[in-house]
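Comments concern the structure below.
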2 protein chains.
Amino acid sequence: MVRGEKDSDCPVESAVKVLSGKWKILILWELRETPKRFAELRRGVTGITEKMLIQQLKELEKDRIIHRKDFHEMPPKVEYSLTERGRKLKPVFDALWKWGREQIQESS
Amino acid sequence: MVRGEKDSDCPVESAVKVLSGKWKILILWELRETPKRFAELRRGVTGITEKMLIQQLKELEKDRIIHRKDFHEMPPKVEYSLTERGRKLKPVFDALWKWGREQIQESS
DNA sequence: TTTAGCACTTACAAAAAAGTATGTACTATA
DNA sequence: TATAGTACATACTTTTTTGTAAGTGCTAAA
């Protein structure tokens with residue numbers, strides 16, 4: 001944390017801080033049920049570039065929301081999965097999904 | 001929507017689209033219980049500038065998540081409140097709040 | 001009469017996020 | 001031998017987001 005910057009005491013604020021951005025929630029949503037490989041995620045998250053994907057994966061790993069498992073194989077095999085902390089986000093995803101679906105239905 | 005751009009069929013994706021950014025969730029969080037005036041929001045959302053505040057309020061209004069009520073008084077009085085659609089986000093906020101609090105507790 | 005407060009608006013600049021294009025090391029398959 | 005696929009890395013540019021600073025029109029209080 002930058003000196004002079006106060007750490008947020010508000011849980012919502014601190015949650016938003018690690019989840020905001022265009023891709024993170026979508027990546028986590030892809031991983032909600034099962035671990036996936038880099039290329040699977042690339043195909044699963046429509047529109048994301050490789051650069052953004054690793055960048056976001058790295059940040060999520062640093063925040064201990066996902067775990068990176070390298071199988072040290074050739075050709076390379078790496079698997080990403082939710083950590084315990086990441087799995088605890090399920091209620092958030094569920095609520096978001098429900099809300100999103102309702103809005104889509106309303107507008108049709 | 002821009003021509004050629006596919007509307008997301010994923011509820012999570014469409015929800016993220018209208019809620020992402022540094023301030024929106026925080027603004028909505030301020031409004032979760034009671035309507036508030038512009039100046040109250042400015043004081044409540046720590047760190048936000050006036051420019052960002054109206055900008056985000058306008059977008060949220062356009063997305064019909066909040067409602068703007070102008071009392072046509074002098075000095076000006078305007079009140080912002082959640083719409084039905086906005087109130088339905090409560091489960092999202094609750095889940096986010098819980099998760100954020102858990103993470104804060106863990107790290108202490 | 002100056003100040004403060006209300007709810008903004010605007011021009012401009014800085015910072016952050018995201019995208020493009022290319023390259024790496026390795027292997028298997030055509 | 002060329003191509004494709006794995007999982008990235010890096011330089012560079014563009015786009016988007018956010019911030020800074022100032023100003024508007026109005027009123028009430030000091």
Side-chain angles (χ1 to χ4, degrees), chain A residues 1-6 8 13 16-28 30-31 34-63 65-81, chain B residues 1-6 8 13 16-31 34-63 66-81:
Chain A
M1 196 180 18
V2 181
R3 196 174 150 74
E5 214 181 291
K6 197 188 144 215
S8 61
E13 200 175 333
V16 165
K17 206 173 280 181
V18 296
L19 295 176
S20 66
K22 195 175 173 181
W23 301 112
K24 280 181 183 170
I25 302 251
L26 267 25
I27 293 170
L28 294 172
E30 279 295 308
L31 293 173
T34 154
K36 287 192 177 169
R37 299 180 62 179
F38 184 81
E40 290 182 277
L41 287 171
R42 198 183 44 203
R43 287 186 292 263
V45 182
T46 40
I48 199 168
T49 60
E50 294 195 335
K51 184 206 158 201
M52 287 312 291
L53 184 52
I54 14 144
Q55 196 177 100
Q56 304 296 299
L57 286 171
K58 277 181 183 169
E59 287 181 24
L60 288 168
E61 203 196 344
K62 202 171 52 192
D63 288 327
I65 292 169
I66 63 170
H67 176 249
R68 176 182 186 276
K69 184 175 180 184
D70 192 336
F71 286 81
H72 299 291
E73 286 177 10
M74 203 49 79
K77 178 174 177 181
V78 174
E79 218 175 60
Y80 291 92
S81 59
Chain B
M1 195 180 20
V2 181
R3 194 174 151 74
E5 212 180 291
K6 197 188 144 214
S8 60
E13 200 175 334
V16 164
K17 206 173 278 181
V18 295
L19 296 175
S20 67
K22 195 176 173 180
W23 300 113
K24 281 180 182 170
I25 301 251
L26 267 26
I27 293 170
L28 295 172
W29 176 250
E30 279 296 308
L31 293 174
T34 154
K36 289 194 176 167
R37 298 180 61 179
F38 184 81
E40 290 182 277
L41 287 171
R42 197 182 46 203
R43 287 187 294 264
V45 182
T46 41
I48 200 169
T49 60
E50 294 194 335
K51 183 204 156 202
M52 287 313 291
L53 184 52
I54 15 145
Q55 196 177 101
Q56 304 297 298
L57 286 171
K58 278 179 182 168
E59 288 181 24
L60 288 168
E61 203 197 343
K62 201 171 54 192
D63 289 327
I66 63 170
H67 176 249
R68 176 182 185 275
K69 184 176 182 185
D70 192 337
F71 287 81
H72 299 290
E73 287 177 12
M74 204 48 79
K77 179 174 176 181
V78 175
E79 219 176 59
Y80 292 92
S81 59

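Naming: A, B, ... by sequence-line order, numbering from 1 per chain. Side chains are part of it too, since the values below use all heavy atoms of this structure and drop only hydrogens, waters and symmetry mates. In this text, all values refer to a predicted model and were calculated from it rather than measured experimentally.
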Checklist entry - Considering only side-chain heavy atoms of B:Pro75, which listed nucleotide, D:dC8, C:dG19, C:dG5, is closest? => result C:dG5
Checklist entry - Checking all strands, does A:Lys58 fall into the base, sugar-phosphate, or nothing category for heavy-atom contacts under 4.0 angstrom? => result sugar-phosphate
Checklist entry - Hey, does B:Lys51 reach any base, or is it just sugar-phosphate, or nothing, if we go heavy atoms under 4.0 Å? => result base
Next on the checklist: From the set C:dC8, D:dT18, D:dC8, return the single nucleotide nearest to any side-chain atom of B:Met52.
Outcome noted: D:dT18
Checklist outcome for this item: Here the distance between atom C1' of D:dT18 and atom CG of B:Leu26, to the nearest Å, is 15 Å
Item to check | Nucleotide C:dT20, atom P - distance to CD of A:Glu50 in whole Å | outcome: 12 Å
Next on the checklist: Categorize B:Phe71 for me: base, sugar-phosphate, or nothing, with a 4.0 angstrom heavy-atom threshold over every strand shown.
Outcome noted: nothing
Next on the checklist: Side chain of B:Gln55 only, heavy atoms from C-beta on: which candidate in C:dT27, D:dT18, C:dG19 is closest?
Outcome noted: D:dT18
Checklist entry - Do any side-chain nitrogens or oxygens of A:Arg43 fall under 4.0 Å of OP1 or OP2 in D:dT6? => result yes
Checklist entry - Heavy-atom distance under 4.5 Å between the side chains of A:Leu41 and A:Leu31, does that happen here? => result yes
Checklist entry - Which whole-number value in Å describes the distance from A:Trp23 CH2 to D:dT16 C1'? => result 14 Å
Item to check | Donor-acceptor contact present, side-chain B:Glu61 to main-chain B:Lys58, <3.5 Å | outcome: no
Item to check | Heavy-atom side-chain contact between A:Arg68 and A:Leu57 under 4.5 Å | outcome: no
Next on the checklist: Side-chain N or O of A:Arg37 versus OP1/OP2 of D:dA7: is the shortest distance under 4.0 Å?
Outcome noted: yes
Item to check | Within-4.5 Å side-chain heavy-atom neighbours: B:Lys22 and B:Met52 | outcome: no
Item to check | A:Asp63/A:Leu19 under side-chain contact (heavy atoms from CB on, under 4.5 Å): CA gap, chis, key distance, verdict | outcome: CA-CA 10 Å; A:Asp63 288 327; A:Leu19 295 176; over 6 Å; no
Next on the checklist: Treating B:Glu40 as the side-chain partner and B:Arg37 as the backbone partner, does any N or O pair qualify as donor plus acceptor under 3.5 Å?
Outcome noted: yes
Checklist entry - At under 4.0 Å, does any side-chain N or O of B:Lys22 touch on OP1 or OP2 of C:dA17? => result no
Item to check | Main-chain N/O of B:His72 paired with B:Asp70 side-chain donor or acceptor, under 3.5 Å | outcome: yes
Next on the checklist: Tell me whether the NZ or CZ atom of B:Lys77 lies within the 45° cone about the ring axis of B:Phe71 and under 6.0 Å from its centre.
Outcome noted: yes
Next on the checklist: Of the options C:dA7, D:dT6, C:dG19, whose atoms approach the side-chain atoms of A:Pro76 most closely?
Outcome noted: D:dT6
Item to check | Of the listed nucleotides C:dA18, C:dA7, D:dG19, the one nearest the side chain of B:Thr49 | outcome: D:dG19
Item to check | Atom-pair distance (CD1 on A:Ile54; P on C:dT24), nearest Å | outcome: 16 Å
Checklist outcome for this item: A:His72 NE2 to C:dT27 P, in whole Å, measures 16 Å
Checklist outcome for this item: Rounded to whole Å, the CG-P distance (B:Leu53 to D:dT17) equals 17 Å
Checklist entry - Can a side chain N or O of A:Arg42 be found less than 4.0 Å away from OP1 or OP2 on D:dT6? => result yes
Checklist entry - In which stems does DNA chain D show up, taking only runs of three or more Watson-Crick or G-U wobble pairs whose two distances fall under 3.5 Å? => result C:1-30 with D:1-30
Checklist entry - Given atom CZ of B:Phe38 and atom P of C:dA7, what is their separation to the nearest angstrom? => result 8 Å
Checklist outcome for this item: From NZ of B:Lys69 across to C1' of C:dC8 the rounded distance in Å is 20 Å
